[in-house]
Amino acid sequence: MTTAIGVVITEHIVAGRLEDQQLTGKLLHYPSDPEVPDELAAIPDSEMVEIIAGQIETLAGGGKAPRKTQLDAIGVAVPGIVRSGVVEESPNLPQIKGMRLKEELTKALEGHGIAAAVHIANDADAIAAGVAATRGRLDKLTRVWTIGNGIGYGRWPYVEGVWEGGHITVTLDPKEHYCGCGGIGHLEGIMGHRAMRLRFLDLEPEEVFANAKEGDKRCREFVDLWHRALAAATASFIHLAGPGRFYFTGCNVGFLELPLLRSHLETMVKMSPLQSFSLEILPQDDETALIGAGVSALRALGG
Ligand SMILES: [Zn+2]
């Protein structure tokens with residue numbers, strides 16, 4: 001049997017214990033009151049590492065002696081660019097940018113009497129791993145778009161690289177400058193929550209999509225652009241890595257209309273061997289990323 005701990009850091013921290021790649025027992029949440037917004041962004045990086053180490057200790061042994069339970073792997077999923085255990089970029093949690101998270105967490109865990117290998121993954125990659133694991137598709141290419149404040153792109157199996165799919169260029173229009181990174185024409189500059197608020201200073205994104213349904217011309221045109229942008233980015237990945245399954249999740253996935261996305265994709269992907277793609281919406285949950293964080297850690301460390 002393998003025992004792993006999965007941890008997901010987004011607007012909050014969630015941790016859980018996996019036995020043979022299945023979640024067992026209760027998940028631990030920080031903050032324990034999920035209604036507290038943005039608390040995590042205000043916590044210093046060292047304190048965050050200590051919180052995670054404490055959660056892992058609780059899950060590892062439940063506080064019982066001996067404290068050092070045999071753990072095969074610890075997987076942590078964070079938003080941003082992650083390479084070799086270092087968080088190179090993390091726009092939504094700026095305090096962890098540049099952090100040697102693998103090293104720091106390993107050190108903090110030693111203080112808690114836990115010696116287990118730590119693996120850090122991008123959060124969207126973790127969701128892709130979780131989907132592949134829970135659907136028995138670990139041998140297949142799985143791609144995930146996370147649609148929220150930012151736009152994330154995740155893939156399983158893990159391949160070395162940056163994979164900032166949310167910043168793929170989907171338009172040459174110089175007026176498309178709403179991306180948080182400052183780049184012109186980016187997918188996130190059209191689809192991201194923050195970018196939509198900048199574009200529609202008088203309307204919240206929810207109102208834009210509601211007005212579009214009622215026939216408002218400006219909003220309808222934008223909703224179409226939003227879907228065309230996602231279709232363009234998805235078509236680019238189909239042209240690079242081939243067809244296959246794409247999953248969509250994230251707090252704004254409710255805006256997505258699969259038939260509209262598909263109709264745009266069909267205008268963009270015309271080579272017949274590439275047309276066998278499938279599209280599926282995933283419900284928003286923490287469990288998928290958590291399982292994926294643990295499974296990618298086991299795979300990365302077990303070879
Ligand atoms: Zn960008």
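Just follow the structure's listing: the first ligand is 1, and inside any ligand the first atom is 1.
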Shortest-distance N, O or S atom of His167 relative to the Zn ion (ligand 1): ND1
Should Glu103 and Lys107 count as an ion pair when the cut-off is N to O under 4.0 Å? no
What is the name of the N/O/S atom of His186 that is nearest to the Zn ion (ligand 1)? ND1
Any donor-acceptor N or O pair under 3.5 Å, side chains Asp224, His264: yes
Vertex the Zn ion (ligand 1), arms to Cys179 SG and Cys181 SG, rounded to 10°: 110°
For the residue pair Phe255 and Phe209, does the interplanar ring angle fall in the parallel (under 30°), tilted (30 to 60°) or perpendicular (over 60°) class? parallel
Taking only Lys NZ, Arg NE, NH1 and NH2, and the carboxylate oxygens of Asp or Glu, determine whether Glu89 and Arg83 approach each other closer than 4.0 Å. no
